[in-house]
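Working notes, beginning with the structure itself.
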Amino acid sequence: MPRTTPPFRADHVGSLLRPPALRQARMRRERGVITEGELAAAEDAAIEEVIQRQGAVGLQTATDGEFRRAMWHFDFLERLDGVESFQSDHGIAFQGGIETRPKGIRVLGKVGFSGHPMLDHFRFLRDRTRAAAKMTIPSPSVLHFRGGRRAVDAAIYPDMDEFFHDLGQAYRSAVRAFGEAGCRYLQLDEVNLAYLCDPNQRQMLRERGDDPDRLPEIYAAMLNTAISGRCDGMTITMHLCRGNFRSSWIAQGGYEPVAEMLFNRIGVDGYFMEFDTERAGGFEPLRFVPAGKTVVLGLVSSKSGELESADYLQRRIDQATEFVDADQLCLSPQCGFASTEEGNCLTEDEQWLKLERIVEVAGKVWGG
């Protein structure tokens, strides 16, 4: 059966490749050639066009493609109270020897939420679509995972439990603010629970002084605090992946170590889950999905332009139904197409063909 509430049978994670005109405008703004207002006008035009394009391929969801962001997470986190970004010595390292622009995030004051530019970003989207306007923000865990204890001023937070408490409350206020702005489809991008399934990432955390066995509980508690701020009728999903930058990745390992907690102790309505490669493991963890929750199978790669066949996707969906009822499943790409403004290594045409394929297969499997 088709779905009339999110997540939809054919859906997508959120970010989309920036069109050439917008990429050029952002570069010109960096060089000081155009004003902030002129860049905003270019963003407005690009977003209005991409909203229409999403509808044209048959999606019931509309996002702004994250076109106003340079990175999926820092642009949100750096505008929380008590948080600032800074020019670091290096970027985030990905497989293949590539890394993001050198930028970091740190906590220099009490963490809170007293408003955010992305509320206006959502309102712009909301006012220009009849589809389900979807907003994406990073999970609260991201602020901790990126830097750990060393990124949190010990004079402000001598006890990290107090930091986690304040961060959860800040997100509770953020979720409430988006709901009051009319958002009824909010996604928390929670990559770190997937990272905690990777032995190498767990060892990295131990070496810097964190306990990887304790972090899932801490992160789950913050997520549940955030979700408690939701308004009536608000669907909250979470997205899990293992890194996404210029078609590269960071972590690997199936969901089994966190599956029971993920599905039964975190109060989101749905899960966008990466399943496009062996790095994500098999579908067996889906046996823990309770009735009433939805899993969006990320079977279509956003990292490659090669178009998955309809038959292949239908077979993979069938395999997933060995562990969870088909009525609890949907289909999407495994991640966004452009978690950063650089985007992944495929063309816009290839991106749209993949989204069209998702709509096609969802229609065959679930009707509508």
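If you read the sequence from its start, that first residue is 1, and numbering goes on from there.
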Next on the checklist: Here's one to test your reading of the geometry: is the NZ or CZ of R146 within 45 degrees of the ring axis of Y195 and under 6.0 Å from its centre?
Outcome noted: no
Checklist entry - When you measure from the centre of the six-membered ring of W366, is the NZ or CZ of R3 under 6.0 Å away and within 45° of the axis? => result no
Checklist entry - Are any of the side-chain heavy atoms of Y255 and E274 separated by less than 4.5 Å? => result yes
Checklist entry - For R230, what residues pass the salt bridge (charged side-chain N to carboxylate O under 4.0 Å, His left out) criterion, not counting sequence neighbours? => result D269
Checklist entry - Taking 4.0 angstrom as the limit, do E256 and R287 come out as a salt bridge? => result yes
Next on the checklist: Does any part of the side chain of L188, heavy atoms only, come nearer than 4.5 Å to the side chain of H239, both counted from C-beta?
Outcome noted: no
Checklist entry - Which residues satisfy the side chain to side chain contact (heavy atoms under 4.5 Å, CB included) test with F86, sequence neighbours excluded? => result S88, R106
Item to check | Residue of the set D213, D211, D210 for which side chain to side chain donor-acceptor pair (under 3.5 Å) holds with R202 | outcome: D213
Checklist entry - Would E217 and R265 pass as an ion pair if we require N to O under 4.0 Å? => result yes
Next on the checklist: Among F94, W72, F337, exactly one meets ring-ring contact (aromatic ring centres under 6.0 Å, His included) together with F245. Which residue is that?
Outcome noted: F94
Checklist outcome for this item: Sorted by chain and number, sequence neighbours left out, side chain to side chain contact (heavy atoms under 4.5 Å, CB included) with M27 holds for R31
Item to check | Over-ring placement of R68 relative to F124, 6.0 Å and 45° cut-offs | outcome: yes
